[in-house]
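Within every chain, numbering begins at 1; the chains are lettered A, B, ... in the order of the sequence lines, protein sequences first and strands thereafter.
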Amino acid sequence: MSIGVKVLDRPIEEVSYVRATLKGMALTFKHLVDPHKVTVQYPDEKWDLSPRWRGTHRMLKTEDGKSKCVACGLCPTVCPANCIKLVPGEDENGNRYPLLFEIDEFRCIFCGYCQEVCPEEAIHLGRHYENAEYSRDKFVYDLERLSSQTHPVCEMWDPADPKGE
Amino acid sequence: MTMLPLSLHPFLQAGNPQLPPTEGIFLVATVVKMLIVFTVYMVGVAMLTLAERKISAWIQDRHGPNRVGYGWLQPAADGVKNIMKEETYPGAANLPLFILAPAISFIPAMITWAVIPFASPLPTPWGRIDMVVADLPVGFLFCLAISSLGVYGIVLAGWSSNNKYALLGGLRSSAQMISYEIAMGMSTVCVLLLSGNVSLNAIVQQQATTGWNALLLSIAFFIFLVAAFAETNRLPFDMPEAESELIAGYHTEYSAMKFSLFFIAEYANMVTASALISTLFFGGWDIPFTQWDNLPPFTVLKTVLTLGAFVTKVLFFLFFFMWIRWTLPRFRYDQLMSLGWKLMLPLALGYITIVAALILALDRAGIARGPAYGAIMFGVNVVLVAALFIFLDRGRIVSPAYSRLDREEVARLRAIAARNSNLAEKKA
């Protein structure tokens with residue numbers, strides 16, 4: 001079996017390496033003197049995130065400072081990555097609240113189902129990406145951590161307004 | 001009266017500012033020049049690493065280093081980092097050679113600079129000081145001899161690392177540098193024919209009278225330029241490194257400051273090559289369109305201005321090296337070899353013949369070396385360059401794909417391809 005060799009038809013009579021080089025140099029020089037640069041100077045200037053950006057979670061609070069979560073158990077049920085740990089509790093008035101609410105951000109796939117399914121609009125994904133930590137266990141966010149986050153939250157995709165207008 | 005073993009007498013003697021100094025002053029002046037030139041050279045090389053990163057960034061629409069002292073201290077930061085880093089030695093390496101190789105590649109790059117004249121002579125109260133570290137009468141031959149030594153560092157680095165990528169890089173570099181050295185040497189024969197002298201100062205003076213060699217010997221300049229890229233292992237001829245094929249080529253196994261030395265050697269080679277191009281083909285420290293800077297009496301002002309002219313030329317060629325690097329893709333190895341042997345060498349040989357015949361004819365015609373001589377040479381060169389790059393060069397001569405363009409071979413390959421597709425159709 002011989003190998004099929006592909007031979008390109010070059011316009012041999014018209015091409016010239018030296019001419020092409022000069023053309024290339026003109027192009028690179030144009031970019032060299034072009035003041036427009038595409039780099040974002042990260043710590044100084046930051047990228048504008050899309051309103052639908054899905055980053056690390058945030059738990060919203062009611063006016064009296066308690067978390068909005070009623071420990072209904074929908075988010076751990078719907079979570080495809082199984083990253084939400086919820087232990088429900090009940091106070092003397094019969095109101096349910098989360099005794100334990102943890103999200104393992106390493107397991108999370110940021111699908112946003114928890115936000116979509118939440119009847120109280122308590123758990124949200126955040127428009128946020130600066131998540132660096134010094135140890136792995138810091139990535140398991142507990143209720144206190146989730147409630148103390150202040151970054152803006154994700155606006156989920158709205159079927160009535162698919163383009164976000 | 002007792003005699004001192006080394007008489008202080010010559011040091012104290014005042015001399016004529018327009019005449020060469022006595023031996024004692026010469027010695028002192030040479031040491032001072034060595035220190036100054038070496039310092040400026042090393043700082044310049046360090047700044048070149050920054051310049052390369054900045055220029056590459058701008059060409060790619062980026063900003064480049066701008067954090068450490070607004071970017072200006074980046075070379076210092078790199079140096080500190082490289083000195084502090086751990087040096088690793090491959091277990092199976094040949095350690096003495098492994099340690100020696102960076103120095104061997106670094107030192108020749110620097111030595112060459114010693115013979116390059118960088119300004120017109122400086123008059124001092126003790127005599128006229130030549131603005132060159134060592135004004136060798138065979139300066140140009142010295143350059144050629146020393147620039148060939150650089151390959152040893154690279155080959156030894158590649159071999160002693162005991163790593164197949166490094167070895168391949170070293171082998172490639174030796175083949176490449178030897179091939180292009182021939183073309184380079186041949187192209188400079190034209191310069192020697194025209195100047196009739198191998199002293200670099202004499203070559204500069206010759207260009208001051210007849211015009212720059214880049215105009216009089218354009219094709220030799222072209223060959224020298226291409227060969228200089230190959231000699232310095234810069235893109236498009238950076239076969240020895242070729243990171244997409246050989247990781248980092250000959251310095252794959254090097255770390256910390258030893259790696260940095262190879263890096264510095266590359267830039268030192270670039271500076272030397274730029275200075276050689278400027279000296280041999282762009283008049284060295286000569287200021288164009290004037291004669292007053294070349295003739296005695298020499299003054300401090302002339303020295304400063306000619307130094308400025310020389311530095312400008314060298315900086316332009318350094319920029320040119322970087323500009324080309326970020327414009328052209330790498331040649332394939334066989335393309336490189338065929339360009340060197342099948343094009344550059346015959347072209348250089350043919351050009352020597354033409355230039356020698358032309359010089360003989362002009363001398364027989366009794367035309368003195370001067371503007372008229374230069375004008376005739378320039379006219380002939382315009383015709384030759386037009387012939388080479390417009391009529392002859394249609395993808396056939398100067399082309400990285402040159403080796404592929406054997407018509408019969410292409411026809412044979414086409415026939416095989418056609419037969420295969422026929423077979424495939426029949427089977428289907």
Highest number of heavy-atom pairs under 4.5 Å with chain A among K54(B), R67(B), Q60(B) belongs to R67(B)

Partner residues of A228(B) under the side-chain contact (heavy atoms from CB on, under 4.5 Å) criterion, sequence neighbours left out:
M184(B), A273(B), I277(B), F321(B)

So F29(A) and W323(B), would you call those rings parallel, tilted or perpendicular, with 30° and 60° as cut-offs?
tilted

Look at atom CD of E144(A) and say whether more than 12 heavy atoms of other residues, nucleotides or ligands are closer to it than 6.0 Å.
no

Counting only heavy atoms from other residues, nucleotides and ligands, does the tally under 6.0 Å from CG of D48(A) exceed 12?
no

For the interface with chain B, which of Q41(A), K37(A), H31(A) has the highest count of heavy-atom pairs at distances below 4.5 Å?
K37(A)

For W58(B) and T28(A): C-alpha separation, side-chain torsions, deciding distance, then whether side-chain contact (heavy atoms from CB on, under 4.5 Å) applies.
CA-CA 9 Å; W58(B) 289 332; T28(A) 45; over 6 Å; no

Of the listed I55(B), L328(B), I324(B), the one with the largest count of heavy-atom pairs under 4.5 Å with chain A is L328(B)

Shortest non-hydrogen contact from T327(B) to M25(A)?
CG2-N, 3.5 Å

Roughly how far, to the nearest 0.5 Å, is the OG1 atom of T39(A) from the CZ atom of R62(B)?
6.5 Å

Are there more than 12 heavy atoms of other residues, nucleotides or ligands under 6.0 Å from atom OH of Y42(A)?
yes

Would you say F110(A) has more than 12 foreign heavy atoms packed within less than 6.0 Å of its CZ?
yes

Just wondering, more than 12 heavy atoms not from E130(A) lying within 6.0 Å of its CD?
yes

